[in-house]
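Both ligands and their constituent atoms are indexed starting at 1 by order of listing. Numbers here are sequence positions counted from 1. None of these values were measured; they are calculated from a predicted model.
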Amino acid sequence: MSEYQYTYEGFNTRAIHAGQAHEEVYGAVVPPVHLSTTYAPVKVGELRHGYDYGRGTNPTRDSLQVQLAALEGGVDGKAQAFTFGSGLAAENALIHAIAGPGAHIVMGNDVYGGTYRLVDKILGPWGVGHTVVDMGDLSAVEQALAATASAGATDRILWLETPSNPMMKISDIAALAEVAHAVGALLVVDNTFATPYLQLPLELGADVVVHSTTKYIGGHSDVIGGAVVVNDAEIAEKVKFQQFAAGAVNGPLDAYLTTRGLKTLGVRMDRHNANAGTIAQYLLSVPGVERVLYPGLADHPGHELAAKQMRGFGGMVSVQFTGGAAAAKQVAETTRLFQLAESLGGIESLMNYPAEMTHASVAGTELAVPDNLVRLSVGIEDVADLIDDLDRAISSL
Ligand SMILES: *Cc1c(COP(=O)(O)O)cnc(C)c1O
């Protein structure tokens, strides 16, 4: 497997070949899915190929981990990826690996609602504190980190999502890495929206990348999963131990589906980018639209930063309507191609009303989302059909 891992510079070549060497017995070009939970050793104490029990290691999961590490970590071969049963399971394992009671997490004021809930409701009672800040305000971040130090927090984590969900805010990964490292904190970046095709946080100085592979990486809305990717061998060891000892692993069929999706990430993202850019531009000219949030638009406050740290602006677009919550809900309930559903990142277009769907858990908190906003996950259908669909729904207002 390893000879395929870092040989090629090109992203798509790595996506298709890293961890995907053909199977040796029959020469199957697509590595088989290894369902077996257990492995026969040569004799007591001598494993055949390092595998003994599926919670610890599984060849299909390994294929995915090698593939993802080769994409997220670049070509230097240092990155290691660990995959889990969901994005939140990955986040939970990571936080248990790098923090304990007494730790403090400083996070963006529009992180994924489920991440906030995990930190607030599950890790809070365990002794992990949190502060919510605007990641665009570097001095506010510095102050929040300093406050945690003077309050005696042990392990400190800066938790960042860029572009953020659903406000599409862009934060400066390299600058925030410096701010975190200056006070001995770790920078974790949730790279779910951008994917390694558009943004490489580890290269920009982040310590850890987390993913909901349920979204763009799986790409077909048919498998839940998550991942942690790290460059640092010590952190990698700890995450691996969590994966093995707490056991929130993804199953082999799920790992296989995720690997299959990941092979086409680059071509899908090119199309998501193009379609989302066209739709954002179209929405700017539509009566009833108050604001279009898309980092690819020249007037987006994060446009220049996004152009610098990303290689494309992604497939997510948020829209606010002058007609308030009623208009936003009506559009979300009227489109046909854009199906009303949670989640994002699949080949089919989805529309979500965050205030009462994905972000219902943060209603009434600092993370609450405007009630006149819908979030589009722009799929890879023909863009003219998508625009017709939006046009029909918005003209019904
Ligand atoms: C969906 C999502 C998660 C959580 O992942 P699951 O696979 O649903 O557990 C975390 N972060 C972001 C940005 C997400 O979109």
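Under a 4.0 angstrom heavy-atom cut-off, Glu91 registers as being in contact with ligand 1.
Counting heavy atoms closer than 4.0 Å to ligand 1, residue Thr214 contributes side-chain atoms (C-beta onward) but none from N, CA, C or O.
Aromatic pair Tyr39/Tyr53: ring centres not closer than 6.0 Å.
Minimum interatomic distance between Val106 and Met135 (heavy atoms only, all atoms of both residues): O-CE, 3.8 Å. Listed here is the closest heavy atom pair of Ala341 and Leu350: CB-CD2, 4.0 Å.
The aromatic rings of Tyr216 and His272 lie perpendicular to each other, with more than 60° between the two planes, well past the 30° mark.
Protein heavy atom at the shortest distance from atom 6 (P) of ligand 1 is Gly87 N, 3.3 Å. Nearest non-hydrogen protein atom to atom 2 (C) of ligand 1 is Lys215 NZ, 2.5 Å. In terms of protein heavy-atom proximity, atom 12 (C) of ligand 1 is closest to Asp190 OD2, 3.4 Å. If you check which protein heavy atom lies closest to atom 4 (C) of ligand 1, you get Tyr112 CE2, 3.4 Å.
Some N or O of Leu88 is nearer than 3.5 Å to an N or O of ligand 1, by distance alone.
With values rounded to the nearest 0.5 angstrom, Gln309 atom CD is found 6.0 Å from Leu204 atom CG.
When each atom of ligand 1 is checked for a heavy atom of Gly225 under 4.0 Å away, the hits are 7 (O). Close approach of ligand 1 to Glu161 is summarised as follows: ligand atoms under 4.0 Å from at least one heavy atom of the residue are 13 (C).
Between Asp254 and Arg61, none of the side-chain N atoms (NZ, or NE/NH1/NH2) sits under 4.0 Å from a carboxylate O, so this pair counts as no salt bridge.
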Point to revise | Worked check of side chain to side chain donor-acceptor pair (under 3.5 Å) between Thr322 and Glu290 | key: CA-CA 5 Å; Thr322 50; Glu290 180 184 274; over 6 Å; no

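Among Gly113, Ser212, Gly226, Ala227, the residue whose heavy atom lies nearest to atom 5 (O) of ligand 1 is Ser212.
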